[in-house]
Chemist: 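Right, I'll just put the structure down here and ask away after.
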Amino acid sequence: MAAAAALEAVAPTGVLWGLVQDFVMGHQEGPADQVAAELQFTAFDEFRSSLENPEPRTRARGIQLLSQVLLQCHSLLLEKEVVHLILFYENRLKDHHLVIPSVLQGLRALSLCVALPPGLAVSVLKAIFQEVHVQSLPQVDRHTVYSIITNFMRTREEELKGLGADFTFGFIQVMDGEKDPRNLLVAFRIVHDLISRDYSLDTQGLITVWPPNDPHGIQREDLILSLRAVLASTPRFAEFLLPLLIEKVDSEILSAKLDSLQTLNACCAVYGQKELKDFLPSLWASIRREVFQTASERVEAEGLAALNSLTACLSRSVLRADAEDLLDSFLSNILQDCRHHLCEPDMKLVWPSAKLLQAAAGASARACDHITSNVLPLLLEQFHKHTQSNQRRTILEMILGFLKLQQKWSYEDKDERPLSGFKDQLCSLVFMALTDPSTQLQLVGIRTLTVLGAQPDLLSPGDLELAVGHLYRLSFLEEDSPSCRVAALEASGILATLYPVAFSSHLVPKLAEELCIEESDLARGDGPTKCSRHLRCLQALSAISTHPSIVKETLPLLLQHLCHMNKGNTVAGTSEVIAVCQSLQQVAEKCQRDPESCWYFHQTAIPCLLALAVQASMPEKEHSVLKKVLLEDEVLAAMVSVIGTATTHLSPDLAAQSVAHIVPLFLDGNISFLPENSFPGRFQPFQDGSSGQRRLVALLMAFVCSLPRTVSDGNIWGVVLVEIPQLNQLMRELLELSCCHSCPFSSTAAAKCFAGLLNKHPAGQQLDEFLQLAVDKVEAGLSSGPCRSQAFTLLLWVTKALVLRYHPLSSCLTDRLMGLLSDPELGPAAADGFSLLMSDCTDVLTRAGHAEVRIMFRQRFFTDNVPALVRGFHAAPQDVKPNYLKGLSHVLNRLPKPVLLPELPTLLSLLLEALSCPDSVVQLSTLSCLQPLLLEAPQVMSLHVDTLVTKFLNLSSSPSMAVRIAALQCMHALTRLPTPVLLPYKPQVIRALARPLDDKKRLVRKEAVSARGEWFLLGSPGS
Amino acid sequence: MVGGSGMGGGLLENANPLIYERSGERPVTAGEEDEQVPDSIDAREIFDILKLLRSLPQRFKMDVHITPGTHASEHAVNKQLADKERVAAALENTHLLEVVNQCLSARS
């Protein structure tokens, strides 16, 4: 910059002259920019001598300088100057070949000029076409020529079009033989513009290129794509392109086949009947051959796609009155070649034929109609002709394919629908399939029934009644494989949304009857069948609860069943009560989509469940076994999931209504909202109530921890929790209960409930108060006494609640937890606690239950705490070291592998030590950490090969099957290490691996075989 | 296996042969996942994973024969396979060993 300033100040012309001389004589490269930056065009004279120099090299340098100057200042040039320069440059094109590259540079600069007068663009191009043999220039200069053409095409389109075919011919001459991929990309773009902007074309010359096989720097894919854009840009290429494509499809080269089928596919978007007419038979023959004799699935897929777009193209074309419709003849051709294969359901060509027909039928409503009306009668006839189940299954699967295609097209007029004529035949065929003994055929039948049902207005009420009857029967099948039952239930669910009336009038009464009849039959003692039939019945009821009107019938049935079980004198097993709860939970899940059903479910089911539970918890004289069933851990857990599912999707104001009932029920024993509220005693779970009453806090937890958040304008966070009445009291009661040592179930439930509420509570003074209370409680409990383990559980859950929301206090609590790892009493529990911290819960602190869960909490926990864990491990006395390893392995195990890999080398020594730990949880998690590491970082691992081989071989005879499998997988992964490192161990390993070959477990033997096979191959030729 | 239909005297149809469904992966049963239950080595396991002597426990003895009726010079090949020295000699041929190893290698 200083030099430039001096230049101007002292004597511009003198200094400039020097700079120009320097550059021209080749002393320096720098001045060009300086000169260019400073120079106005008046300085042209400065160049004169160098431009007229008899030595071509010097002339070239002079012109190069001038061209660079022009590149800098082309926008400032006046029209007169441009004319002058263009004449000069055009003249220079005739000069020595050394000069040409610089001349082209200058012309490129001038082609950017705004002031270029009309006519000059044409003259420049003509001069280039005439004087320069472009393909003998280096790549960069050829690129310059393409740039000149591109610039002119952008600004002087009209003029170039005036040049007519001469321009395109000239351009083709210029690019003929171009092989450099960088230039080809530009050239293809020019061709594409030529075509899309209607330049007059001599198309024959253009179709001479095919992607070169050796592109450098540029992706082959880019070239193919840009060439395809050129080829598929106009129908005018069709007559030249289509034979070429057919030739390429017929060739042996896989990539050429794929490319040409894809190009054909692209071309069909712009072509019409006229272009395709002459080539249809050969195109069809080629595509058919590729699909029939396919060697690769990709070719087949591309062939089918090409056929689909060909048919679509033929369907789309507008015809003149006298023209013949090619679509009909084309489709007839396809049908003729394919239909006879459809009659041989065992033969190999049956599926390719069906796929071809379906590809064509998927192109348009007309094609679909044509093919379906021809194929369906044939297939229906074939179904009856063949009697074997597997043949019938193939035929029905083909029919299913054609029926599915119908769904793509919507028909306005009911009579137009091609299926209505076949409806009765199809229905009887599907019902035949559904009664067939073959499971496979039944499965296809069920799928076909679903597709038929999805056709609007196709099935009559009579058909539906039959269909529902079949589904009912299939739902109760006593088969070994549940696939048919599952499929029937799923189909019932789908069809029930479409035909709720049919299901509530034909299926629900039957199911209701089933539930009752069996109950009275119980005395006869056919226990097992009753159970399984009841189970099926419950599953069916929940499966069809996909429509609000059906839920209104199924939910009361389920609840009534539960009440009956509770009231009757019969002994209901735990599993049966759980089954009802699972059904209820599935219904609740299905209700979540519809706010109205959701509220209906909540309002109906939750008071009923609570009433049953409260009733069961009442102290009674005759302790009926049954009522105690409702208070068992598993049953309560099942109820928890029903209540949670029924609460998460409530709208905030409805949820608030519900809270106003449920919280007072637990705090004050206010039972007024329960449906049956005449109990023998008071309900006081938090005061002196029985242990049974305390257990019900789990149900409170399910409800309050699933409450939705509401959007509020007043709050800066935008979301607040649905307000819970008497929250302060509730939290204190929960805290109190959580450290009560009489019943671990209720104290854990209280701790979880407390943690769940804490997690969602907005930051602020109240939250800090709650936290302080909790910390005090934990410290008091941990210090000594009978409640240590309860206090630990509380600590664990509170820590989890805070870790999930990145609360600042969480690190404090985690440290406390880590301290407990060396506690002789709580150490092992603390180690397992890390698993709880890192895993997802199902009942509280879930995303579905609107808890605040930051997505990266595991990674964050890992970075924050693993160094401390490692330090703790090294400092700890020998007897508690395993606790640290176990805690660490829980953390590592839950972390996504990609996050873990970069960190593992630093932990490697610890991991190697962990391999000797006797705890199988630690062993398993260590092996699963090491296995990917062996694959990803073999170099690092090869330093420890001795330890690894020994430890893995030891673990391969561990008593735990999972450890044996993991150890053998690691042995297998070891073979990725550099061969020279491994060879010394080969004989030893092969001998040692002979033992697990005879392991008693098949899964272990399988791993042993693959690991030993790989070790055998080490260092032998050809591996 | 497909060849069997040709041998059975039926019409040999190469252009559009009968096809059989490929059986899937062997499903893992509950018994296989149970630590306590020993799984016996059955025919399917031999077929699936144990194709070489090196994959079999040492207590097994192995005989290799060509499936009857599937090879033109069946008898001669069986004789060669039974000749231990002949097999050992074949494996000393580096090129042959290379080809065999390539077939065994899981990596592509």
Side-chain angles (χ1 to χ4, degrees), chain A residues 292-293 340-341 343-353 390-391 393-394 440 480-481 483 920 935 958-965 972-973 975-976 990-991 993-1023, chain B residues 2 5 10-11 13-22 24-60 62 91-108:
Chain A
F292 274 180
Q293 305 173 5
H340 60 278
H341 292 304
C343 305
E344 301 170 341
D346 279 339
M347 297 297 188
K348 195 181 168 206
L349 291 185
V350 60
W351 274 114
S353 304
N390 57 347
Q391 294 170 329
R393 174 189 154 206
T394 309
Q440 297 299 323
D480 290 341
S481 93
S483 56
S920 70
L935 302 177
S958 145
S960 150
M961 173 171 85
V963 172
R964 293 203 297 278
I965 291 177
H972 190 161
T975 58
R976 292 299 178 92
I990 286 178
R991 252 195 327 277
L993 286 181
R995 229 172 71 115
L997 285 183
D998 209 4
D999 196 282
K1000 67 173 178 175
K1001 299 306 295 175
R1002 181 169 295 129
L1003 296 172
V1004 179
R1005 295 198 290 266
K1006 196 173 145 198
E1007 297 301 335
V1009 166
S1010 64
R1012 193 164 193 245
E1014 214 51 48
W1015 273 89
F1016 255 104
L1017 289 177
L1018 272 182
S1020 21
S1023 58
Chain B
V2 176
S5 68
L11 186 66
E13 176 66 273
N14 280 335
N16 191 8
L18 273 181
I19 40 156
Y20 295 94
E21 197 176 8
R22 185 178 182 277
E25 291 272 303
R26 178 180 197 149
V28 177
T29 60
E32 284 175 35
E33 283 173 351
D34 186 341
E35 299 255 7
Q36 309 308 323
V37 184
D39 314 318
S40 60
I41 298 181
D42 56 11
R44 170 78 196 255
E45 184 170 353
I46 302 270
F47 182 80
D48 273 353
I49 56 176
L50 311 173
K51 293 195 183 73
L52 293 166
L53 194 55
R54 63 177 69 153
S55 316
L56 275 178
Q58 282 169 346
R59 59 196 162 90
F60 282 71
M62 193 148 92
L91 287 180
E92 272 169 29
N93 176 341
T94 331
H95 180 65
L96 187 60
L97 187 62
E98 204 171 307
V99 174
V100 171
N101 282 340
Q102 268 167 10
C103 298
L104 294 177
S105 180
R107 292 174 223 168
S108 52

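Values below: every heavy atom of this structure, side chains too, minus hydrogens, waters and symmetry copies. Since this is a predicted model, take the numbers as computed values, not measurements. Proteins get letters first, then strands, A, B, ... in listed order; numbering begins at 1 in each.
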Chemist: Using the side-chain hydrogen bond (donor to acceptor under 3.5 Å, both in side chains) criterion, which residues pair with B:Arg59? Sequence neighbours excluded.
Modeler: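 By the side-chain hydrogen bond (donor to acceptor under 3.5 Å, both in side chains) rule, B:Arg59 matches A:Asp998.
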Chemist: What pair of heavy atoms forms the shortest contact from B:Gln58 to A:Ala994, and how long is it?
Modeler: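 Here B:Gln58 and A:Ala994 meet closest at NE2-CB, 4.3 Å.
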Chemist: Does any part of the side chain of B:Asp39, heavy atoms only, come nearer than 4.5 Å to the side chain of A:Arg1005, both counted from C-beta?
Modeler: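 In contact.
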Chemist: Measure from the side-chain N and O atoms of A:Lys1001 to the backbone N and O of B:Val37, and report whether any donor-acceptor pair falls under 3.5 Å.
Modeler: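 Present.
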Chemist: Tell me, for A:Ser960 versus chain B, whether the close heavy atoms (under 4.5 Å) come from the side chain, the backbone, both or neither.
Modeler: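 Both parts, heavy atoms under 4.5 Å.
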Chemist: Return the set of residues passing ring pair (Phe, Tyr, Trp, His ring centres under 6.0 Å) with A:Phe1016 (not counting sequence neighbours), or none when no residue passes.
Modeler: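 By the ring pair (Phe, Tyr, Trp, His ring centres under 6.0 Å) rule, A:Phe1016 matches no residue at all.
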Chemist: Is it the backbone or the side chain of A:Ala962 that comes under 4.5 Å from a heavy atom of chain B, or both, or neither?
Modeler: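 The backbone, not the side chain.
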Chemist: Can you measure from NZ (A:Lys1000) to CD1 (B:Ile41) and round to the nearest 0.5 angstrom?
Modeler: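 Going from the NZ atom of A:Lys1000 to the CD1 atom of B:Ile41 covers 14.0 Å.
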Chemist: Looking at A:Leu997 and B:Ser55, what are the two nearest heavy atoms and their distance?
Modeler: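 The answer is CD2-O, 3.5 Å.
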Chemist: Heavy-atom distance under 4.5 Å to chain B: side chain of A:Pro996, backbone, both or neither?
Modeler: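 No part of it gets close to chain B.
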Chemist: Run the salt-bridge test on A:Arg1002 and B:Asp42 with the 4.0 Å N-O cut-off and return the result as yes or no.
Modeler: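 Looking at B:Asp42 together with A:Arg1002, the answer is yes, because their closest N to O distance falls below 4.0 Å.
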